[in-house]
Amino acid sequence: MPLILALVIAIQPLSATQPGEHTHHTTGVPLYSAIPADMLDRLPRYNSTLLAAPADVGQWSQLYTWPIVAVHVSMLPNGKLLMWDVEKNSTTTARLWDPATNTFTAVPLYPTALFCAAHVLLPDGRLIVNGGHLNKNNYGTNYTHLFDPRTQAWTRISDMAYKRWYPSTIIMGNGALVTFGGSIITGQMALIPEVFNPANNTWTQLTNASLDTGQYPKAHLLPNGEIFFTRVPGGRTMRFNVETQTYTHVAWAPNGFTSVQYEPGKFLYAGKGTTTSTINMTLTKPYWAARASMAYPRYNQSMVILPDGQVMAIGGSSDGTNTPSTAPLMPELWNPVSMTWRQLTPMSDPRMYHSIGILLPDGRVLSAGGGHSTDSVADYFTAQIYSPPYLFKGARPTISNAPASLNYGTTINVQTPDANSISKVAFVRLPSFTHAYNMNQVYVPATFTKNSNSLQVQVPGNNNVMPPGYYMMFIINSNGVPSVAKIMQIGDITPIPPTNPTNTPPPPTLPPQPTATFTPTQTPQPTATPAPGQTTLTVQITNGSNDVNEDGSTFTPGYYGLWLGTGANPNASYAGLRFTSLAIPRNATIVSAQLQVYSPTSAWVNVNMQIAGDSAGNSAAFSSSSRPSQRTALTTARITYADTSAWSADTWYTLANVQTIVQEIVRGSGWNSGNSLSLILRANGGTANLGKYALAQEGNSYYGGGNTRSARLVITYRP
């Protein structure tokens, strides 16, 4: 069944919340509760020093504290917003914000940091996130993840062929996705586009379409099904035919930073100064036309299409340095009829690099974030909500009933008691925004006729104008006041079952790695050739109950990776490693025993821990009732392992020679050949949240490494 939610406006904005890993509740009226028209003039006026009235310049709410810096944000079909910021300990610190209840819920993704990725809603309402990087700028990842709003679960699916940092992903009229651009590593761009088919979870390379389209290329779907690039490296404006894998030069691009498709086939391009240009790609010979400039130069600004078709420019910096003193606080509003800008009421916080701006279903605009980058002076854990001038021009029309799903080229009945006053009906795709770019933002006016208490609205018949998925439908009256949107799904899309909410994703289908893809060199530790009479045995972790983490009261088996070192409880952080079926005879002489782990990412630094052995002759599997901290009968032999160096990605490391520990166990009275032994790794205290990150057995298929990368013991012994 499709996910549907009709939303209505609030009388109070967002209350302050605090960061954390659980749901945060705030008191007061929910954000989307009905507001009578006679109360509109009682909305708080926080910019009281501004002489212009809200009906002319709009009005900002107070500032609200948020638990993260909003760098990535997507609106889901249930009306909630999924957002995340930069990585911490290889974790995507994602939160779900529910405007209806004004709460944040943590939905983190381990062990991946989806920072600087592309994201777009699939036709069935799930969010796909592809690319980004793992702990190091300019080093892309080829990962693809899905977030299912029905289960609030992340799942990793098929990898792309190319690693991409700062890619763009566009949804096509048939529901497939095309991803472009991004960096593989410093100085090496991903040149080959790839197409994702959500029906069979596969990526396909467009090998005949090699082109450097840059980082976060501003790409848009045209009404004819081609993809339009406002500017690619070298200064060209291009269009791309996916079927023929061909690019066509359209024009030399003007200066600009961000582009929006303000009507089907019509584009506004502005920024990198005050420059403003438009182009109409429905013409036989399209050309860029210079328009009236903005009042303020802007880099990294947000551009939001409003329900009435005007475009709001928010924030940015005047010189691209992300210094707060260079940030214009005054938003501007662009009119597509007059092709001119006018200034609005100023906001409170700068919104520069890594900030977001999106349209909410009640017609207001959310602005948040900024920061979390090396050249930013400050991180902005704040949000502010803007009420455009149209919300101060009288009562808003209401949608009393409308269908939940639409088919192309049909006519739908929209019931409203305000039918006679309606002058416009428009569809706006649910936003998915990051890095000054709302991927797949589209505004589609619809034709309609009026009855006494209803509208007969014509759904566009071109699926390239409205690619399948979820849209906000607004009705706007003759005063320019929009209704609260009805969220609808368009397209005859075969329902996809909910994603299985499990911590262990299915093994991804790996496409062939192209030669252009950079893969860090795997450097396993060398193993000495055993002397005559000696035997070398290598054993690895085999299942999820054999590699576990324990952090205070939290016990974590079945996890992609393993934290080695200090967690949230510096003196109560453990890792347990159990090696099974060791064919070592009792009383054998252990010559060496190297404990080796595989680092999948550039690792955190500073580890100080103690390694001991479970002195049981045949160590039992770990469980919630048999945790590492509960293994109190430990070997007398113990080793301290301390390391402050940085680990590299895709590399094996030897933690320690645990020869004395293994020797004590195999000479114990309970040991027999074929038994199991466990190593208990306990943090020695210190600063919280520092440690090394290694692959657990469960993470092997997750990282595409089969069953070859879990922790291992390399033991050399003499019988």
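This structure is a prediction, so every number in the text was calculated from the model and none was measured. What's counted below: heavy atoms across the whole structure, side chains too, no hydrogens, waters or symmetry copies.
Distance alone, capped at 3.5 Å, is enough to place a donor-acceptor pair between the R298 side chain and the G315 backbone. Counting only distance, with no hydrogens or angles, the side chain of R164 and the backbone of G181 share a donor-acceptor pair below 3.5 Å. With N440 contributing its side chain and S432 its backbone, the two residues share no donor-acceptor pair below 3.5 Å. Of the possible polar contacts, one joining the N241 side chain to the T244 backbone as a donor-acceptor pair under 3.5 Å is found. For the pair R429 (side chain) and L121 (backbone), a donor-acceptor distance under 3.5 Å is present. Between the side chain of Y443 and the main chain of P307, a donor-acceptor pair closer than 3.5 Å is present. Using a distance-only test at 3.5 Å, with no hydrogens or angles considered, a donor-acceptor pair links the side chain of Y437 to the main chain of A219. E194 contributes a side-chain N or O that, together with a main-chain N or O of A161, makes up a donor-acceptor pair within less than 3.5 Å. A distance-only check finds a donor-acceptor pair linking the side chain of R231 to the backbone of P254 [under 3.5 Å].
Side chains of T237 and W288: a donor on one and an acceptor on the other come within 3.5 Å.
A search for ring pair (Phe, Tyr, Trp, His ring centres under 6.0 Å) contacts involving F196 returns W203, not counting sequence neighbours. For S210, the side chain to side chain contact (heavy atoms under 4.5 Å, CB included) test picks out L191, I192, with sequence neighbours left out.
In this structure, H220 and F228 have tilted ring planes: the angle between them lies in the 30° to 60° band. Ring-plane geometry between W154 and H145 is classed as perpendicular, the angle between the planes exceeding 60 degrees on a 0 to 90 degree scale with a lower cut at 30. Between H354 and F115, the ring-plane angle classifies as perpendicular under the 30° and 60° cut-offs. Between H133 and W165, the ring-plane angle classifies as perpendicular under the 30° and 60° cut-offs.
Shown are Y216, F180, F240; of these, the ring-ring contact (aromatic ring centres under 6.0 Å, His included) with F229 is made only by F180.
Taking every heavy atom of both residues into account, M303 and Q441 meet most closely at O-NE2, 3.4 Å.
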List the atom pairs, donor and acceptor, that lie under 3.5 Å between side-chain atoms in residues 260-272 and the rest of the protein, sequence neighbours left out.
unit_1, atom_1, unit_2, atom_2, d
Q261, OE1, G265, N, 2.7
Q261, NE2, L221, O, 3.3
Y269, OH, G256, O, 3.1

